[in-house]
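Atom set for the values below is all heavy atoms of this structure, side chains included, hydrogens, waters and symmetry mates excluded. Because the structure is a prediction, the values reported are computed rather than measured.
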Amino acid sequence: MDYQKDIIDSNVAQQQAISRTFTSRVMTYMAAAIAISGVVAYIFGTDIGLLSYMVDFETGSLKTLAWVAMFAPFGLVLLMSAGINKMSATTMLIVFVAFSVLMGISLSTIFLIYSLGSIYLTFFVTSITFGIMAVVGYYTQTDLTKFGGILRMVLIGLIVAMVVNMFMGSATMDYVISMIGVLLFTGLTAYDMQKIRLMGTQIEAGTQTESKMALMGALTLYLDFINLFLFLLRFLGNRN
């Protein structure tokens with residue numbers, strides 16, 4: 001009995017070690033993507049010459065590059081999701097880097113709207129909040145998967161409300177949307193982190209599949225972080 005217990009304990013410990021390695025890889029990819037986007041956003045956002053390629057300062061309208069930077073990342077997300085079984089891990093990594101760069105260009109317009117200090121503050125608050133919820137999601141023994149359906153429904157409702165408010169222009173509705181967005185992506189961070197931890201126990205280490213799933217996990221956490229940042233910025237950002 002003791003021998004069987006030792007074998008079970010050894011297998012569990014091995015699975016946990018593999019999961020930690022996988023999660024660490026996911027977080028490394030995610031942090032690198034955030035860094036790339038942040039640097040690109042800062043370079044574009046603080047250089048009037050570069051911003052002029054995106055915004056017509058006379059009319060205030062967005063130029064073609066801005067629209068491409070805004071919508072191309074969605075296409076790359078779909079490409080990674082749909083092509084996960086066909087693309088190699090290297091190709092997926094290249095797409096992920098391209099996604100990070102385009103997101104950085106897209107995010108550069110926030111420097112026209114908010115003060116630099118408030119952007120830094122919001123990024124710091126987002127990092128702390130994200131980090132806490134990631135730790136909670138990784139270590140909690142509560143099964144968070146049961147909340148998945150609710151979170152998805154809230155996300156769909158939030159997107160619909162944002163589209164509707166684009167036409168209504170209600171300040172009150174915008175405030176409510178921002179509050180729900182902060183709560184939603186705070187919860188999604190913990191939920192997605194737990195999914196990634198569990199995924200790490202089911203994937204064979206050192207394979208192409210592991211690399212590709214690590215990139216998809218990093219993409220998921222990246223989107224949680226960026227959306228949390230943008231919704232918090234509505235509360236904490238000081239407009240220029």
Side-chain angles (χ1 to χ4, degrees), residues 8-34 73-74 76-87 89 92 95-96 99 126-162 176-232:
I8 293 173
D9 290 342
S10 176
N11 289 336
V12 170
Q14 185 177 17
Q15 282 186 329
Q16 290 176 342
I18 293 173
S19 179
R20 284 195 297 270
T21 301
F22 176 77
T23 303
S24 176
R25 190 171 187 179
V26 170
M27 296 301 293
T28 299
Y29 281 141
M30 178 261 185
I34 292 292
F74 293 104
L76 294 180
V77 169
L78 293 175
L79 176 63
M80 289 181 67
S81 300
I84 188 171
N85 294 321
K86 298 179 180 179
M87 289 191 293
M92 282 193 67
V95 174
F96 187 51
F99 165 83
T126 303
S127 300
I128 296 298
T129 304
F130 180 91
I132 291 173
M133 295 311 297
V135 170
V136 169
Y138 188 87
Y139 287 104
T140 185
Q141 297 302 311
T142 303
D143 182 11
L144 300 179
T145 57
K146 57 188 176 183
F147 299 109
I150 297 174
L151 292 171
R152 282 191 291 270
M153 286 190 293
V154 174
L155 178 59
I156 293 171
L158 184 67
I159 294 172
V160 172
M162 291 176 68
V176 173
I177 288 172
S178 299
M179 181 173 61
I180 294 174
V182 169
L183 295 175
L184 172 63
F185 286 101
T186 298
L188 277 172
T189 298
Y191 170 78
D192 288 330
M193 195 65 187
Q194 186 178 80
K195 283 179 59 180
I196 288 168
R197 176 176 64 81
L198 295 174
M199 189 187 303
T201 65
Q202 301 166 2
I203 295 178
E204 185 178 352
T207 62
Q208 282 273 312
T209 299
E210 183 203 24
S211 297
K212 290 192 284 188
M213 294 308 295
L215 285 167
M216 291 304 298
L219 175 63
T220 300
L221 291 180
Y222 175 99
L223 292 173
D224 290 341
F225 184 96
I226 291 298
N227 281 291
L228 179 59
F229 168 75
L230 291 174
F231 280 114
L232 280 171

Q. M199 versus V26: any side-chain heavy-atom pair under 4.5 Å?
A. no
Separation between CD1 (I156) and CG (L151), nearest 0.5 Å, reads 11.5 Å
- Task: Could you give me the CA-CA distance, side-chain angles and deciding distance for F22 and M213, then say whether side-chain contact (heavy atoms from CB on, under 4.5 Å) is met?
- Result: CA-CA 9 Å; F22 176 77; M213 294 308 295; 4.2 Å; yes
Heavy-atom nearest pair, M87 first then L79, reads CE-O, 3.5 Å
Here the gap from M27 atom CE to R20 atom CZ, rounded to the nearest 0.5 Å, amounts to 15.5 Å
So CG of L232 and OG1 of T129: to nearest 0.5 Å the spacing works out to 6.0 Å
request  = Kindly determine whether M80 and V77 satisfy side-chain contact (heavy atoms from CB on, under 4.5 Å), including the steps that lead there.
outcome  = CA-CA 5 Å; M80 289 181 67; V77 169; 6.0 Å; no
Between F231 and the options L183, T126, T186, I177, the side-chain contact (heavy atoms from CB on, under 4.5 Å) test singles out I177
Are F225 and S127 close enough that some pair of their side-chain heavy atoms sits under 4.5 Å apart?
yes
- Between F185 and L155, does a side-chain contact (heavy atoms from CB on, under 4.5 Å) hold up when you go through it step by step? CA-CA 9 Å; F185 286 101; L155 178 59; 3.9 Å; yes
Here the pair of heavy atoms bringing K212 nearest to A89 is CG-CA, 3.8 Å
* **Heavy-atom side-chain contact between R25 and T28 under 4.5 Å** => no
Partner of Q194 under side-chain contact (heavy atoms from CB on, under 4.5 Å), picked from V136, T142, T189, T140, is T140
Here the gap from T207 atom OG1 to E210 atom CD, rounded to the nearest 0.5 Å, amounts to 5.5 Å
When rounded to the nearest 0.5 Å, the distance separating CE of M30 from CZ of F130 is 3.5 Å
Value for CD1 (I84) from NZ (K86), rounded to nearest 0.5 Å, stands at 13.0 Å
Please verify the inter-ring angle class for F96 with Y222; under 30° counts as parallel, over 60° as perpendicular, anything in between as tilted. perpendicular
Quick one: are D224 and Y191 in side-chain contact, heavy atoms under 4.5 Å?
-> no
Query - Side chains of V135 and Y139 in contact at under 4.5 Å (non-hydrogen atoms) - result: yes
